[in-house]
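Before any comments, here is the structure.
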Amino acid sequence: MSHEHVSNTKRIWNVFFLLSAVTIVEVILGIIKPEALHLNNFLGMNLLNWIFIILTIFKAYYIVWAFMHMEGETPALRRAVVWTVIFLIIYLVFILLTEGHYIYGVFKNSTIKWNF
């Protein structure tokens, strides 16, 4: 009963190139800031920020999938991990948008000025 060692070099390079491509797209969008994305709002935030959030979530999910070997786990465990993380991310984005809008309103309509 000898186990053969399978080289995952090709898979590691594929993961590297995919994550690098997504990061390069994020950096290019951050440098260029297209007006069509930067000046249009959707659900209280501009489209460019939504794209950054979605691409970052994709990268985090793919890192967990590839490097924590989630593709080899049972579907129930994968769902438990992924659904929990998705719920937490949605919850944190909701809190961020709600509180950010409130703080912006307080500073915009009061005598308190931005001092930071």
What's the spacing between Glu73 CD and Arg78 CZ if we round to 0.5 Å? 8.5 Å
Member of Ile89, Val82, Thr84 meeting the side chain to side chain contact (heavy atoms under 4.5 Å, CB included) criterion with Ile86: Val82
Cluster check Val85, Phe94: I/L/V/M/F/W/Y, side chain < 4.5 angstrom: no
In terms of hydrophobic clustering (I, L, V, M, F, W, Y; side-chain heavy atoms under 4.5 Å; direct or indirect links), are Leu48 and Leu96 co-clustered? no
Look up atom CD1 in Ile51 and atom OG1 in Thr56, then write down how far apart they are to the nearest 0.5 Å. 11.5 Å
Within one Ile-Leu-Val-Met-Phe-Trp-Tyr cluster: Ile32 and Ile24, side-chain cutoff 4.5 Å: yes
Side chains of residues 12-22: which donor-acceptor pairs under 3.5 Å do they make with residues two or more places apart or in other chains?
| residue | atom | partner | partner atom | Å |
| --- | --- | --- | --- | --- |
| Asn14 | ND2 | Lys10 | O | 3.4 |
| Ser20 | OG | Phe16 | O | 2.7 |

For the student: nearest non-hydrogen atoms of Leu37 and Asn46, plus distance: O-CB, 3.8 Å
Would you compute the distance between atom CG of Leu47 and atom CD1 of Ile54 and round it to the nearest 0.5 angstrom? 9.5 Å
Separation between CD1 of Ile63 and CE of Met70, rounded to the nearest 0.5 Å: 14.0 Å
Establish whether Phe52 and Leu39 are linked, either directly or via other cluster members, by ILVMFWY side-chain heavy-atom contacts under 4.5 Å. no
Side chain proximity check, Trp50 to Val93, heavy atoms < 4.5 angstrom: yes
Starting from Val27, can I reach Phe58 by hopping between I/L/V/M/F/W/Y residues whose side chains sit under 4.5 Å apart? no
